[in-house]
**Q** 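Take a look at this one; I'll ask things after.
Note that the coordinates shown come from a computational prediction; the quantities given were computed from them, not determined experimentally. Counting starts at 1 for both ligands and their atoms, in listed order.
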Amino acid sequence: MNNFLIGCVGKPSAGKSSFLNAATDANAKVGNYPFTTIDPNNGVTFYQSPCPCKKYGKTDVCAPRYGKCVDGTRFIPVKMLDVAGLVPGASEGRGLGNKFLDDLRTAHVLLHIVDASGQTNEKGEGYDPINDIQWLLDEIHSWIFNNLWKKWGSIVRRHSALKAAAATTLQLQFSGYGSNFATVQKALDLMGIKEPSEMEKWDKEYVGKVVRGFMDVRFPTVIVLNKIDQPDADGNILRICQKYDPNQIVLTSALAECFLRKMNKDKYIRYTEGSEFFDTSEDQTTPDPDHPLKDCDEKLMNRLEKVRDLVLFRYGSTGIQAAIKKAVDMKGLVPVYPVRNLTHFSSDDKNRGSFKDCLLVSPGTTVREFCRLLSPELEKHFLYAEGPSGQRTVG
Ligand SMILES: Nc1nc2c(ncn2[C@@H]2O[C@H](COP(=O)(O)OP(=O)(O)OP(=O)(O)O)[C@@H](O)[C@H]2O)c(=O)[nH]1
């Protein structure tokens, strides 16, 4: 799923720009991505997954064409979109209204950045962040529902005349939101709506519920509770976790991640994105010749200690990588590594480097479909695929 896109939304000042800075690798080499075009409001982030090079003893010769492999952890490039303009009334065209909604429909999964500290709202006052989550849902719901309800009479007349299935009728209406027939069918199945659906009898409230069911499937959302380093965040996090599914929630400090990345780049620390630890020159028993560290002065050391105590020690990481991981996992995408042979695990005929390519694919993709994705020619030659626990599938 090379066009997989994570959309990042959030109220002004929630920390969306900081999150995007923390998640996207502005320093990566140009051309280090499989994507031909990157729009100005797109960035590239990396989904971390265990690389098979470790299992097959090929860590030394692992040579990703895109992204990187660090000690057997693969960093797989994924596109991220800044969905700007979330303000109250976006669904009625306020703020960047239409632009916001247009961008939204291209995303496959959303990261909703919430200021968990509740420090400031758009008027610069403290506020309760628990309301933000419902508010985003309401904005998206109003947009879809209002468009649907104003045409409901004619939609139902046509539906009855054609004796169509509910999924067919609704897909015609929902295709503009980037959905396909399978998405609509899945939403109806989850709601227990069977054929004949008796759409003629659906009232306004029920149509609203169907829209909500559709949203759950079409716009899976990770709730990113940001600013966890702030003392006011704790109580809000607890209440939000009690109200919403904790599996949907990730705790982050975008500021801490930006800081650690900068310190790593400036060679004051050794830090790998997503890690629970970093090393200063004092922590290193044997200096790393590839990443020689400068000494930190007292002020810098204090700032680093604060991040260690308030974020890494308490929460296990800054949470940025965990948020990306949850977004990819929510869609059930699986990394697949195509190779030409099982001795070198290379993907060119000269056996240069192992595990060069990696693609994230949708669940249910067959071996044959995957080969077709790579090249129509390959479809004739493939032998089998091996799953994460070693099970083999003959295509
Ligand atoms: N303490 C703390 N502050 C943060 C964090 N993330 C962002 N901030 C601060 O929150 C403020 C707003 O952050 P931005 O990243 O500009 O927020 P935004 O959502 O992009 O805001 P707009 O540009 O107005 O849309 C800035 O002062 C950031 O430094 C965090 O994790 N912890």
**Q** Under 3.5 Å, is there a donor-acceptor pair between the Q171 and S179 side chains?
**A** yes
**Q** So if I apply the side-chain contact (heavy atoms from CB on, under 4.5 Å) rule between V78 and each of L5, T24, L333, I6, which one comes out positive?
**A** I6
**Q** Quick test: of every protein heavy atom, which one is nearest to atom 20 (O) of ligand 1, and how far off is it to 0.1 Å?
**A** S17 OG, 2.5 Å
**Q** For atom 21 (O) of ligand 1, find the nearest protein heavy atom and state the residue, atom name and distance (0.1 Å precision).
**A** S13 N, 2.8 Å
**Q** How far is atom 31 (O) of ligand 1 from its nearest protein heavy atom, and which residue and atom name does that atom have?
**A** A254 N, 3.0 Å
**Q** Please say whether the positively charged group of R218, taken as NZ for Lys or CZ for Arg, lies over the ring of Y177, i.e. under 6.0 angstrom from the six-membered ring centre and within 45 degrees of the axis.
**A** no
**Q** Is it true that M215 and L136 fall in one hydrophobic cluster, defined by side-chain heavy atoms closer than 4.5 Å?
**A** yes
**Q** Look at R308 together with D283 and state whether they make a salt bridge at an N to O cut-off of under 4.0 Å.
**A** yes
**Q** Nearest to atom 6 (N) of ligand 1, what protein heavy atom do you find, and at what distance?
**A** N226 ND2, 3.1 Å
**Q** Quick test: of every protein heavy atom, which one is nearest to atom 26 (C) of ligand 1, and how far off is it to 0.1 Å?
**A** S18 OG, 4.9 Å
**Q** Taking 4.0 angstrom as the limit and counting only heavy atoms of K16, give me the atoms of ligand 1 inside it, by number and element.
**A** 15 (O), 17 (O), 18 (P), 19 (O), 20 (O)
**Q** Of all the non-hydrogen atoms in the protein, which one sits nearest to atom 11 (C) of ligand 1, and at what distance?
**A** K227 NZ, 3.9 Å
**Q** Look at ligand 1 and say whether E257 reaches it with a heavy atom at a distance under 4.0 Å.
**A** no
**Q** For ligand 1 and F19, I'd like to know whether there is a polar contact (N/O to N/O, distance under 3.5 Å).
**A** no
**Q** Short list, please: which atoms of ligand 1 are under 4.0 Å from a heavy atom of S253?
**A** 31 (O)
**Q** Give the atoms of ligand 1, by number and element, whose distance to some non-hydrogen atom of K11 is under 4.0 Å.
**A** 19 (O)
**Q** Looking at residues at least two apart in the chain, or sitting in another chain, which of them share a side-chain hydrogen bond (donor to acceptor under 3.5 Å, both in side chains) with D138?
**A** Q134
**Q** So does Y206 have more than 12 non-hydrogen atoms from other groups sitting under 6.0 Å from OH?
**A** yes
**Q** Looking at A254, is its backbone amide N or carbonyl O close enough to the side chain of N226 to form a donor-acceptor pair, meaning the two atoms are under 3.5 Å apart?
**A** yes
**Q** I'd like to check the side-chain hydrogen bond (donor to acceptor under 3.5 Å, both in side chains) partners of T183; sequence neighbours left out, ordered by chain and number.
**A** N180
**Q** Among all protein heavy atoms, pick out the one at the shortest distance from atom 3 (N) of ligand 1; state its residue, atom name and that distance to 0.1 Å.
**A** L255 CD2, 3.6 Å
**Q** Under 3.5 Å, N or O to N or O, is G15 touching ligand 1 that way?
**A** yes
**Q** Starting from atom 25 (O) of ligand 1, locate the nearest protein heavy atom and write down its residue, its atom name and how far away it is, to 0.1 Å.
**A** P12 CA, 3.6 Å
**Q** Could you list which atoms of ligand 1 come closer than 4.0 Å to a heavy atom of Q230?
**A** 1 (N)
**Q** Could you tell me whether K16 and D82 have a side-chain N and a carboxylate O separated by less than 4.0 Å?
**A** yes
